[in-house]
Protein chains: 2
Amino acid sequence: MRKERGLLIVLSGPSGVGKGTVRKELFSKAGTNYEYSISMTTRAPREGEVDGVDYFFKSRNEFEALIEEGGLLEHAEFVGNYYGTPLAYVNETLDAGRDVFLEIEVQGAAQIREKAPEALFIFLAPPSISELQNRLIGRGTETEEIIKMRIDTARDELEMMSLYDYVVENDEIQNACDKINAIIVAEHCRRERIEKTYLSMLRGE
Amino acid sequence: MRKERGLLIVLSGPSGVGKGTVRKELFSKAGTNYEYSISMTTRAPREGEVDGVDYFFKSRNEFEALIEEGGLLEHAEFVGNYYGTPLAYVNETLDAGRDVFLEIEVQGAAQIREKAPEALFIFLAPPSISELQNRLIGRGTETEEIIKMRIDTARDELEMMSLYDYVVENDEIQNACDKINAIIVAEHCRRERIEKTYLSMLRGE
């Protein structure tokens with residue numbers, strides 16, 4: 001019955017908290033009924049990352065051209081690289097009534113909060129600061145200097161929690177995924193989203 | 001980590017929508033981590049209903065004495081009978097940090113909305129008015145006159161939807177139960193409920 005617009009779901013959180021891992025786990029299951037919006041970035045692919053699957057990998061020139069044209073829902077520069085969300089795909093999918101799932105950095109999430117306040121904001125939080133440090137070091141892909149920079153950034157990013165609707169602790173990946181799926185189900189039951197359509201139908205209008 | 005007060009969960013909806021059936025299904029599963037608060041009523045037990053399990057069955061005099069003492073969180077008179085929620089059990093359970101689940105009539109839910117606005121209000125809605133009529137007739141326990149009265153009441157009760165946080169369609173019992181459980185999980189992740197405790201812990205305070 002509900003011909004509402006799809007829900008824009010924004011998963012974010014501090015660097016190193018495990019956003020990418022959680023997102024991959026969510027989409028590894030059959031029957032996920034929301035669409036993943038692939039981000040665009042100018043950073044180099046990490047081992048195993050595939051263009052058009054993990055990210056759209058672009059040059060700085062290409063990225064800056066898109067910013068100029070207004071072709072990005074949000075974008076941010078982070079540790080010297082651009083990250084952003086192509087706008088057209090998001091709008092088309094939402095208009096078709098399907099949910100769109102974004103996994104982005106906190107700077108980008110803050111921009112969406114302003115442009116699309118009706119979106120659903122989920123903050124993935126680490127169980128502790130020391131756990132976050134371990135994860136950043138354990139990844140083994142960055143230099144010591146970059147790790148320190150990331151930890152400082154992560155502390156600031158934790159304070160951004162107050163801009164979000166939900167906080168999910170990433171203690172275990174499956175726990176976090178279950179909570180995120182529950183949040184999406186619950187949001188579709190929120191009275192203000194469905195009341196009007198529902199009452200019309202019940203009254204036979 | 002979270003030593004917050006438990007969540008008061010109120011399931012309500014029009015007469016005949018299947019609140020009791022959904023509630024029983026929810027509590028038939030092992031691992032339900034919220035406590036059921038048994039209502040009190042002056043109506044006669046239906047076949048198979050057990051005192052102290054389905055309801056506390058009381059006389060009008062006993063019930064009115066409890067109202068006088070302020071011993072009820074809410075109470076309502078419905079089709080000539082009183083229904084109410086004993087207050088002491090609810091408060092003790094919430095104070096111990098456990099969630100309490102109430103299944104009550106919409107009149108009672110409206111009273112709780114005023115007294116405990118932080119509670120979580122879930123409206124169980126019928127797929128259609130005719131489906132609601134079928135269920136009221138199908139129950140086979142009431143006279144035609146009472147069924148007509150219940151349907152008129154149910155129409156008015158549907159308009160009360162606007163006082164609720166969530167609307168769950170009772171199309172299939174298991175669907176409705178899954179949604180209710182998702183809503184409870186999601187509410188525990190709401191940022192405003194957990195932000196303060198969480199940030200203190202992360203900062204090592």
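First the proteins, then the strands, lettered A, B, ... as listed; each starts at 1. Any value given below was found using the heavy atoms of this structure, including those in side chains, with hydrogens, waters and symmetry copies removed.
- Interface check for chain B: of the options Glu187(A), Glu159(A), Glu192(A), the most heavy-atom pairs under 4.5 Å are formed by Glu159(A).
- Residue contact with chain B, scored on non-hydrogen atoms closer than 4.5 Å, involves the backbone of Pro127(A) exclusively.
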Verdict with supporting geometry, Arg60(B) and Glu77(B), side chain to side chain contact (heavy atoms under 4.5 Å, CB included): CA-CA 11 Å; Arg60(B) 284 189 78 85; Glu77(B) 200 163 357; 3.0 Å; yes
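- More than 12 heavy atoms of other shown residues, nucleotides or ligands fall within 6.0 angstrom of atom NZ in Lys29(A).
- Annotation: salt bridge (charged side-chain N to carboxylate O under 4.0 Å, His left out) contacts of Asp95(A) (sequence neighbours excluded): Arg5(A).
- Ranked by non-hydrogen atom pairs under 4.5 Å with chain B, the options Val185(A), Asp165(A), Leu158(A) are led by Asp165(A).
- Remark: Glu105(A) pairs with Lys19(A) by the salt bridge (charged side-chain N to carboxylate O under 4.0 Å, His left out) rule, at least two apart or across chains.
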